[in-house]
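For reference, the structure is listed below as structure tokens.
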Amino acid sequence: MVNYLGLPIPASAHAGEIDQMIALTHWLMLVLFVGWGLYFVFVLFRFRRGANPKASYAGAKGKISKGTEVAVAIVEVILLVFYAIPAWAKRAKAFPSENEALVVRVVGHQFAWEIQYAGPDGKFGRTDPKLVTSDNLIGLDRRDPNAKDDIITSNQLMLPVDRPVLVHLSSQDVIHSFGLYEMRVKQDAIPGMSIPVWFIPNRIGQYEIACSQLCGLGHFRMRGFVTIQSAADFQKWVDDQEKELQPAVATPAPAATPPTAR
Ligand SMILES: [Cu+2]
């Protein structure tokens with residue numbers, strides 16, 4: 001609808017609303033920019049030195065300037081009260097219920113995104129920063145019964161299309177920002193806090209998770225992917241992941257197997 005602004009393709013249910021807000025704000029800014037530009041040229045001519053050899057210290061007094069100021073303020077209040085605040089209230093208050101939504105934990109760290117799915121039991125396993133190693137970057141405690149079926153991915157968020165997603169966002173180190181441009185989602189990830197973010201992806205495809213806060217020297221490579229799939233494809237992916245997890249859970253002593261040559 002408003003692709004003349006060059007925005008990324010909209011891929012979530014609320015993207016249109018955000019785009020409309022951005023478009024309206026740009027239209028107001030365009031009117032102000034052109035208006036102020038024309039006024040500037042008028043003033044250059046009207047108050048030129050040749051026509052006004054003596055400066056007036058009282059300044060201009062007219063109804064037009066006051067009227068314009070009030071009109072601009074009214075338009076801004078309309079944008080705020082009727083567009084921005086309701087749109088934000090929906091993001092920050094009207095969360096989908098945990099039953100209908102797919103609930104995912106996303107943890108940012110220097111410089112990647114770790115993603116945790118609760119698995120069939122619907123319960124997230126315990127994570128502990130003390131358990132973080134190079135092959136367990138989220139610090140998941142696999143001994144926790146709730147953790148046995150948890151799916152962990154790095155930089156790869158898989159989601160089904162047309163189903164609300166509730167992300168619990170946090171960070172292990174510094175402030176990162178979870179940016180899904182096509183979904184019109186952006187939220188800071190703050191250490192010590194779990195911040196809920198929700199949206200409904202509505203376009204199948206692969207998109208990017210960009211870290212939108214300068215978070216250190218490797219910020220430029222803090223890039224993940226979001227894959228939006230049909231519900232069936234997503235379920236298949238979940239089943240495949242669960243199958244891969246099963247042997248690891250069934251044989252709790254992998255150290256007993258002799259090391260194989262690589
Ligand atoms: Cu970052």
Side-chain angles (χ1 to χ4, degrees), residues 5-15 18-19 21-22 84 87-88 90-92 95-96 101-118 124-142 147 150-160 164-203 205-229 234 237 241:
L5 283 173
L7 294 168
I9 55 157
S12 72
H14 73 280
I18 303 273
D19 290 2
M21 179 75 221
I22 293 174
W88 177 244
K90 233 183 272 174
R91 296 291 95 216
F95 286 102
L102 174 73
V103 188
V104 186
R105 284 187 64 210
V106 175
V107 181
H109 64 91
Q110 289 173 321
F111 297 96
W113 300 100
E114 304 306 322
I115 292 129
Q116 181 180 7
Y117 296 82
F124 287 102
R126 192 179 78 88
T127 57
D128 185 341
K130 289 193 200 94
L131 298 174
V132 171
T133 56
S134 58
D135 44 316
N136 183 12
L137 288 164
I138 204 164
L140 181 67
D141 181 1
R142 285 280 182 200
D150 284 19
I151 301 168
I152 305 288
T153 68
S154 255
N155 286 328
Q156 184 57 259
L157 178 58
M158 312 290 279
L159 300 173
V165 182
L166 179 59
V167 173
H168 291 295
L169 184 66
S170 59
S171 165
Q172 280 175 353
D173 38 42
V174 300
I175 297 176
H176 300 278
S177 183
F178 181 64
L180 307 178
Y181 293 101
E182 288 82 3
M183 320 283 155
R184 308 294 189 268
V185 166
K186 194 183 280 179
Q187 171 63 53
D188 277 6
I190 298 168
M193 288 179 82
S194 175
I195 302 174
V197 191
W198 77 279
F199 55 98
I200 306 173
N202 64 358
R203 188 191 280 250
Q206 196 178 57
Y207 310 97
E208 195 179 288
I209 311 174
C211 179
S212 310
Q213 281 283 5
L214 184 56
C215 58
L217 281 176
H219 167 68
F220 70 94
R221 62 180 159 85
M222 188 160 171
R223 177 177 184 233
F225 296 93
V226 197
T227 305
I228 310 298
Q229 296 174 308
F234 175 75
W237 175 79
Q241 296 292 310

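Just so you know, ligand 1 is whichever comes first in the structure, and atom 1 is the first atom listed for that ligand.
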Main-chain N/O of D150 paired to R142 side chain as donor or acceptor, under 3.5 Å: yes
N, O or S from M222 under 2.8 Å to the Cu ion (ligand 1): yes
Under 3.5 Å donor-acceptor, S177 side chain and Q213 backbone: no
Parallel, tilted or perpendicular, as decided by the 30° and 60° cut-offs, for the rings of F178 and W113: perpendicular
H176, N/O/S atom nearest the Cu ion (ligand 1): ND1
Min side-chain heavy-atom separation D19-L5 under 4.5 Å: no
Heteroatom N/O/S of C211 within less than 2.8 Å of the Cu ion (ligand 1): yes
